[in-house]
Amino acid sequence: MTLDVGRNWAGNLAYGAERIVAPATVSEVQEVLSGASQVRAVGSRHSFNTIADTRGVLLATSCLDSASVIDEVSRTVTVGAGTRYGELGAELQRAGWALSNLASLPHISVAGAIATGTHGSGDRVPALAAAVAGLEFVTAAGEIVTLRRGDDDFAAAVVSLGALGIVTSVTLDIEPTFEVSQHVYEKLSLERVLTDFDEVTSMGYSVSMFTTWRDPDTLDQVWVKRRTDADAPAPAEVLGARPATVARHPLPGISAEFCTAQLGEPGAWIDRLPHFRLDFTPSNGDELQTEYLVPRTRIAEALNVMRELAPIVAPLLQVNEIRTIPADELWLSPAYGHDVVGLHLTWLPAQAEVEALLAELEERLLPLGARPHWGKLFVADAASLHAAYPKLAEFRGVADRYDPDGVFRNDFLTRAFGDD
């Protein structure tokens, strides 16, 4: 199947590929790779930089969406790389199973999300990639490689930036289904957050704070998602922030019609852990995104940076989401080695102005140990990325071993790895 050359989710990038193909089987992936000099995989296209771009063949994984296989003994599910989390979640729910965490959007593909270190939120719930128990990928030479948790190269291969091969299937940990209720609280004092950050983030299974920084001393909303089978009852207030009396959208003034249900109404995990419903695609083409993952121990300093820069951040910002992610051992995960807090920034679609501002933000945040999210906009150079991701040089060695001819190398990877 050949597709027209397209754009990414936000429309800020036109792919430079000579053609886009969408194989449906492993053998078709091998056929595409046979004799190809440059290939990159692309999933749901929810990336805002050139990580998936190539001047050669863009291999869309959208047709690699084979039916999931649930193994109740090992408590895993194996899915095609192009499967979207929302569709997988609905299937698991029907069978009485669940994933432990989801990103704010259920629209993203499994392989694309894990390859870039995408995450949900929760003090106790790791990023999406940490749920990977195994994966299969095809190398540029056409070899099918299967790795399981604990195997050599596994820690490098999960958050892979697409550098090792074309992922064709992923095996994820699952657990019995559970219900979640969601409450939104409004107007939280930043000073209280700086003093009692752990108290806020421990109030639910998943907690997100949202702010526009228009009022630099107040965070606008706190979304508390509670497991009804395990968490304490919803608090009457969150450090003085009062519960919303109507459903809210993270962006001020926007209808909550397409957000997941709030006001404490319990529902299945798949219908509450994301912020948005699968049957609605939010903000497509109306935004840019950046995220910096700050060591949890430095979050007060990072929030003070944001407050100090609020006068120049707020005019370009739609909303800043603040979420926690516990440590994992995946080499290029933003949570590698220590707990982190994500500062996720949704910008107006003004790329030149945003990138100019990112240089100033990174000058202040990277010295705190902040790591840029691989799939979002950032301006950090190779030296900064190697400092932020201590396994990056070792990862490059693994990538060179699986792809010695650089078939999967593109300008983004060259920038990240640095010139020889």
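Hydrogens, waters and symmetry mates play no part in the numbers below; they use all other heavy atoms, side chains included.
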Test item: [X] and [Y] side chains (from C-beta on) under 4.5 Å apart, heavy atoms:
X	Y	answer
Asp403	Thr139	no
Ile322	Leu303	yes
Leu345	Met306	yes
Gln318	Thr212	no
Leu317	Thr211	no
Arg371	Tyr336	yes
Thr290	His373	no
Leu59	Pro23	yes

Locate the shortest heavy-atom distance separating [X] from [Y]; write the atom from each residue and the value.
X	Y	answer
His249	Trp223	C-CZ2, 4.1 Å
Glu199	Leu239	OE2-CD2, 3.4 Å
Glu362	Val379	OE2-N, 2.9 Å
Val200	Met209	CG1-SD, 3.9 Å
Leu147	Ala157	CD1-CB, 3.6 Å
Ala133	Asp173	CB-OD1, 3.5 Å

If I take atom [atom1] from residue [X] and atom [atom2] from residue [Y], how far apart are they, to the nearest 0.5 angstrom?
X	Y	atom1	atom2	answer
Leu128	Ser333	CG	OG	10.0 Å
Ile174	Leu172	CD1	CG	9.0 Å
Leu357	Leu377	CG	CG	11.5 Å
Glu287	Trp347	CD	CH2	12.5 Å
Leu366	Tyr292	CG	OH	6.5 Å
Thr168	Glu28	OG1	CD	12.5 Å

Taking [Y]'s backbone N and O only, do any of them form a donor-acceptor pair with [X]'s side chain (distance below 3.5 Å, no angle check)?
X	Y	result
Ser206	Gly122	no
Gln182	Ala261	yes
Gln262	Arg248	yes
Tyr389	Pro372	yes
Tyr185	Pro235	yes
Ser160	Gly162	yes
His119	Ala103	no
Asn49	Trp374	yes

For this session: Decide side chain to side chain contact (heavy atoms under 4.5 Å, CB included) for Glu136 and Thr78; before the verdict, give the C-alpha distance in whole Å, the side-chain angles of both, and the deciding distance to 0.1 Å.
Result: CA-CA 10 Å; Glu136 175 189 273; Thr78 300; over 6 Å; no
Exercise. Centroid-to-centroid, Tyr205 to Phe178, below 6.0 Å?
Worked result: yes
Exercise. Do the ring centers of Phe48 and His46 come within less than 6.0 Å of each other?
Worked result: yes
Problem set entry | Electrostatic pair Glu175-Arg227, nearest N-O below 4.0 angstrom | yes
Exercise. Side chain to side chain donor-acceptor pair (under 3.5 Å) with Ser208: which of Glu321, Gln221, Lys225?
Worked result: Glu321
Hey, are [Y] and [X] close enough side-chain-wise for a donor-acceptor pair under 3.5 Å?
X	Y	value
Thr201	Asp123	yes
Ser181	Arg226	yes
Ser47	Asn8	no

Problem set entry | Partner of Phe154 under side-chain contact (heavy atoms from CB on, under 4.5 Å), chosen from Arg148, Glu329, Arg149 | Arg149
For this session: Tell me, with the steps shown, if Val29 and Leu64 meet side chain to side chain contact (heavy atoms under 4.5 Å, CB included).
Result: CA-CA 10 Å; Val29 171; Leu64 294 171; 4.2 Å; yes
Problem set entry | Derivation and outcome, salt bridge (charged side-chain N to carboxylate O under 4.0 Å, His left out), residues Asp198 and Arg296 | CA-CA 10 Å; Asp198 293 349; Arg296 186 167 182 139; 2.9 Å; yes
Problem set entry | Step-by-step side chain to side chain contact (heavy atoms under 4.5 Å, CB included) determination, Trp97 to Val77 | CA-CA 10 Å; Trp97 293 94; Val77 61; over 6 Å; no
Could you tabulate the donor-acceptor pairs under 3.5 Å formed by side-chain atoms of residues 408-415, not counting sequence neighbours?
from, atom 1, to, atom 2, distance (Å)
Arg409, NH2, Asp400, OD1, 3.3
Asn410, OD1, Phe412, N, 3.3
Asn410, OD1, Leu413, N, 3.0
Asn410, ND2, Thr50, O, 3.3
Asn410, ND2, Ile51, O, 3.1
Asn410, ND2, Asp53, O, 2.8
Asp411, OD2, Arg55, NH1, 3.0
Thr414, OG1, Asn410, O, 3.1
Arg415, NE, Ala380, O, 3.4
Arg415, NH2, Phe378, O, 2.9
Arg415, NH2, Ala380, O, 3.1

Exercise. Should the ring pair His275 and Phe210 be called parallel, tilted or perpendicular, given that the plane angle runs from 0 to 90° and is split at 30 and 60?
Worked result: perpendicular
Exercise. Can you check side chain to side chain contact (heavy atoms under 4.5 Å, CB included) on Leu88 and Ser68, steps first, answer last?
Worked result: CA-CA 8 Å; Leu88 170 61; Ser68 62; 4.2 Å; yes
